[in-house]
Amino acid sequence: MLIRIENLTKIYQLGKVQVRALNSINLTIEKNEYVAIMGPSGSGKSTLMNIIGCLDVPTEGRYILNDRDVSNLTDDELAQIRNKEIGFVFQTFNLLPRANALHNVELPLIYNGTPRAIRRQMALEVLEKVGLAERASHRPSELSGGQRQRVAIARALINNPSLILADEPTGNLDSKTGEEIMQILRDLNDAGNTIILVTHEEHIAQRCKRIIRLLDGEIIKDELNDI
Amino acid sequence: MAWQALVSHKLRSFLTTLGILIGVTTIITIWTTIEGLNQYVFGQLSNIGASTVYVQKYPWVIKGDFWKYRNRKNITYKEYQALVQYCTIADHISPEVFAPKKVSYKDRKFDNIFVIGTNEEYSFTANVAPEIGRFLTELDVRNKRYVCVLGREVTDQLFEKENPLGKRIRIGDKKYTVIGVLEKKGNFFGQSMDNFIIVPFGTFRRVYGGHRGMRVALLTNKTERLEEMKDQIRGILRRVRKISPAEEDDFAINQQDMLTSLYKSLTSTLFAIVFVIGGISLLVGGIGIMNIMLVSVAERTREIGIRKAIGANRKNILSQFLLEAIVISSIGGVLGIILGYFGGSAILSQMDLTSGVSITSILIGFGFSTTVGVLAGFYPAYKAAGLSPIESLRYE
């Protein structure tokens, strides 16, 4: 079991108002699953993603990732977990604009102290995997949207994470390029990676093997999807 | 990483570091100048032997009322004799009287050549040695002979290429035989130390009068007894002059370290002023760096979010921004060291002095700029390190 979430609640304090973004969520995800988290805005899917991604901690309940309880870790401990266990793919790519593709991809390795030469080698290998080896020295501004997202995927893969967390990965792409990205994610899942994809688009969710639907901070439906 | 950010904001980084540059330049300029001056001044002062003291009417460094000193009695021959008799710690004692005189040889005439009347001990107390010929002897002095020893410059002026030894020159109204020429001593604060003539003390007094004031130079070879010697001299003179215990000395015992300490107090005041000025520009520079770093942190909130999301911890972010501030500041420091060195050299060359690159000034330049970088960069870097990754990623 990769992820076990028990009675997870997240409450935000906005001035004097308490917002219950997640309400007693229970959820388990196995290794090599391909899960879509669906829901309209305000449903709590971003909050759930932040907690699963160790960017945030729950107010109540437990989150166990890879047999480790990560519900009450410090900022720096969470940073280490993110570095080792999670690869992020964002809607807006979130590459460093001044760094070239290679440098962007090797960035996570810098933060776990991998030596420079090995870093270079590994970064080139993952860029190869997403078909961008020959663009290694290009900056994000010199790449198309699809290429940028592939660089971001390469960055997410470089530490060989337990989990790839994709937040609306096709949201800023045209449908053809979006299709390419979805194919890459599918291939990665076939190769053994666990992928959680957050989206509000039905046709994207339909490409995943399991769809979890959220509304008002609760899971309203959790179903397998045959593809 | 820090470098990348700086290169992409070349102009901004440069303007930011300007304050540091000016501060470090100021400090290094003065530092270099003072080091050059020190080298020169201490070199010059070492011409006055450290263990020679001079008994004189006036102190070298006058504090307060000049008239108090003006009304003092001259040092007399009798007092000199008392010192010779009772000052047991001194190894060499020479009386010294001075007067500018007309000097001529054949058709070459010079006005106002400095003539010193002294004894054979002068070669020790003033640390001079003959280059050719010999110095005064006890016999020359006792017999009040008409002989003279010339400084190098006087020799060159009077004799040009001729051998001066044994030649007779006219000093004032009398003729003297040249018995020796002294080694070249160079300049003392721009004043030639080779442009004088030495004659026996008694001869001088007989010819030019014995009433004039003199000074007495005393040298001890036992450096550790220098203070003791000064006390002994003081005791002898007070006794001879019958100074009651309540009165203060009406003579001065002068020594090289009086000039050294005067010089030191002058330069340390200058130092203090410059450090305040330099310090203010470094402070302003530091504020500039802090300001621009805060802007930089705000501009790069999203970058901070990305870095945190992929695993950067607080320390990583803190050191990235701190390093950036230090690099900006150090660039100003390095440029300041270079400019300051050229500035100092330019000032020194106006005074015909030279200077070297000193490790101390480089360390000072680096030290100041790095410290300012750390102090100014810390708050912005700390702020960056504390940003929440979620909020930062959402930042537009």
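Residue numbers begin at 1 in each chain, while the letters A, B, ... track the order of the sequences. In what follows, every heavy atom counts, from backbone to side chain, and hydrogens, waters and symmetry copies are set aside.
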Within 6.0 Å of CD in A:Gln91, more than 12 heavy atoms from elsewhere: yes
Top contributor to chain B interface from A:Glu77, A:Lys84, A:Arg155 [non-hydrogen pairs under 4.5 Å]: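 It is A:Arg155.
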Top contributor to chain B contacts, counting heavy-atom pairs under 4.5 Å, from A:Ile81, A:Asn159, A:Asn83: A:Asn83
Exercise: do B:Glu324 and B:Gln320 side chains pair donor with acceptor under 3.5 Å: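 Side chains of B:Glu324 and B:Gln320: no pair found under 3.5 Å.
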Distance-only polar pair, side chains of A:Asp69 and A:Ser71, donor-acceptor under 3.5 Å: yes
Given heavy-atom pairs under 4.5 angstrom as the criterion, report whether the side chain, backbone, both or neither of [X] touches chain B.
X	answer
A:Leu95	backbone
A:Asn94	both
A:Asp56	both

When B:Ala309, B:Ser388, B:Pro389 are compared by non-hydrogen pairs under 4.5 Å with chain A, the top option: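 Most heavy-atom pairs under 4.5 Å with chain A: B:Ala309.
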A:Leu27, A:Val70, A:Asn72, A:Leu73 screened by side chain to side chain contact (heavy atoms under 4.5 Å, CB included) with A:Tyr63, the one that passes: A:Val70
Least distance between heavy atoms, B:Ser329 atom then B:Gly373 atom: OG-N, 3.4 Å
Side chain, backbone, both or neither of B:Arg314 within contact of chain A (heavy atoms, under 4.5 Å): both
Any donor-acceptor N/O pair, B:Tyr263 side chain to B:Asn38 backbone, under 3.5 Å: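 Side chain of B:Tyr263 to backbone of B:Asn38: a pair is present.
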